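In what follows, a structure is listed as structure tokens, so that the remarks can point back to it.
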Amino acid sequence: MNEHDSEKMAGMLETMGYESTSNEKEADLIIYNTCLVRKNAELKVYGNLGHLKTLKKKKPDLIIAVCGCMTQKKEIRDLIKEKYSHVDIVFGTHNIHKLPELIANHKQNPGMVIDVWEEAGDIVEDVPVRRKFGFKAFVNVMHGCNNFCTYCIVPYTRGRERSRHPDNILKEIEQLAKQGCKEVTLLGQNVNSYGKTLENKITFAKLLRMVNEIDGIERIRFTTSHPKDLSDELIYTIRDCEKVCEHIHLPFQAGSNNILKKMNRKYTKEQYLELAEKIKKEIPGVAITTDIIVGFPGETEEDFKDTLDVVKKVRFDSAFTFIYSIRKGTPAAKMENQIPDDIKHKRFQKLLDTLYPISLEINKKLKDKEIKVLVEEVSKADDTKLTGRTRTNKVVHFKGDKSLVGNIVTVKITNPKTWTLEGVLVEEN
Ligand code: 5AD
Ligand code: SF4
């Protein structure tokens, strides 16, 4: 979500005449688009802002801006004002479209410009976007979240759930397809509740079916799904629409019913297991990936065993794993029995030790299989190799010419590993 917001900012800056540089010393403008989901991300921003003070001293015309989830919090804005007075522009998640105006204001009236909207306004359409790749693109289908999982800061920084009108989504994707885009990833905090806030209600499954009809688009992905809202209609749509990839990212967060309840996730371990079973049964070759948190307040050894049990039963292709991080302002931050760091780390390691062998076993079954891969880029480690992704979102490395970037080719898997697959190119189709 943040990455795509950054693409929008880059798009606006490009229309203003800015060019991108990877050398911070060369930059006339540096924007930090921040994340508040975990403490480490937050601390990194303070470190980076501190470091920019020296750069700003050497180059007083440099404009430094901070935006994203962190600046939605008043106490963080106050901290920036007090400790990082060399920051020029502070804006939030709801008004990124105002960036050009804020830069112009700052140029006219030097001094820190702060413009953060507490509430989301109407969804702003037609913001120019500078996408990293031409052949694949993120497309927002909705913004915000109404779920209020008790550990999560997102509903407080991204506001209430709002869906984009399907016509606007389809128009954007049609335009992308005309420009040569082959893969779209539909984005929302909880795509399964797409359409509920629209005047003419529509389900996410129906939207997928409409996107499936767009000529030129060959792969459709989406993220993220909430288990409580994933409907049978969606499962059948993924199964039936040939462009919708066989991959579902389905965060389960914790295995214990007691913890799930405290997290306000609104499903039980048994319901999650049943859902995962149904997905596997209905969608042949599907990959299921997930998010897991260890060390939520009050988590006992028994509770943690339930998390491991879900991992063993579902057998995820891969997982994003997180150590619970206290986020001020969320209900879980005030809960009793916060788990000591050493226990959190021990459980985290045990979780990884359970997840990784399963990923490897799943990937090993792909040995000698010929798989379609969308080539994404020349490998960073070896420029004779290419990197691409399978429909199931697995990363594949293989030898090939850089002219194949953006094409869908066939690769025979020769060496499956835990996180990536190695293979050889068999067909440049
Ligand atoms: N601590 C740890 N992980 C968190 N996540 C969200 N909030 C927290 C937190 N306070 C994780 C969840 C979510 C993912 C994007 O980040 O697993 O699905
Ligand atoms: Fe956060 Fe829960 Fe909303 Fe996901 S569904 S963004 S974890 S509150």
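In each ligand, atom 1 is the first atom listed, and ligand 1 is the first ligand listed. None of the values given here were measured: they were computed from a predicted structure.
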Min heavy-atom dist Arg158 to ligand 2 below 4.0 Å: no

Donor-acceptor pair between Tyr151 and Gln253 side chains, under 3.5 angstrom: yes

Side chain, backbone, both or neither: the part of Ile323 lying under 4.0 Å from ligand 1 by heavy atom: backbone

is_close_aromatic(Phe222, Phe204), centroid dist under 6.0 Å: yes

Atoms of the protein (N/O/S only) found under 2.8 Å from atom 3 (Fe) of ligand 2: Cys145 SG

Proximity to ligand 2 by part of Met263, non-hydrogen separation under 4.0 Å: neither

Under 3.5 Å side-chain donor-acceptor pair for Asp353 and Gln349: yes

Trp117-Phe91 aromatic ring centre distance below 6.0 Å: no

Side chains of His397 and Ser379, donor plus acceptor under 3.5 Å: no

Region of Tyr151 engaging ligand 1 - heavy atom pairs below 4.0 Å: both

Nearest heavy-atom neighbours spanning Thr390 and Arg221: O-NH2, 2.9 Å

Heavy-atom closest pair, residues Glu161 and Met142: CG-CE, 3.3 Å

Atom 4 (C) of ligand 1: nearest protein contact (heavy atom, Å): Ile293 CD1, 3.7 Å

Protein contact of atom 7 (S) of ligand 2 - nearest heavy atom, named by residue and atom, plus distance: Tyr151 OH, 3.4 Å

Shortest protein contact, atom 3 (N) of ligand 1 (heavy atom only): Phe322 CB, 3.4 Å

Arg265: numbered ligand 2 atoms lying under 4.0 Å from its heavy atoms: 2 (Fe)

Which segment of Val37 sits under 4.0 Å of ligand 1 when only heavy atoms are counted: both

Heavy-atom nearest neighbour in the protein, as seen from atom 15 (C) of ligand 1, with distance rounded to 0.1 Å: Asp291 OD2, 3.8 Å

Atom of Phe138, atom of His4 and distance for their closest heavy-atom approach: O-CE1, 3.3 Å

Glu274 atom CD: more than 12 heavy-atom contacts under 6.0 Å: no

Nearest-contact summary for atom 17 (O) of ligand 1 - protein heavy atom, Å: Gln253 OE1, 2.6 Å

Ligand 1 atoms in contact with Arg327 (distance to a heavy atom under 4.0 Å): 10 (N)

Any donor-acceptor N or O pair under 3.5 Å, side chains Glu42, Tyr46: yes

Atom 16 (O) of ligand 1 [closest protein heavy-atom partner, distance rounded to 0.1 Å]: Arg38 NH1, 3.5 Å

Donor on one side chain, acceptor on other, Asp317 and Thr289, under 3.5 Å: no

Taking atom 1 (N) of ligand 1 as the reference point, the nearest protein heavy atom with its distance: Ser325 N, 2.9 Å

Phe148/Tyr156 aromatic ring centres below 6.0 Å: yes

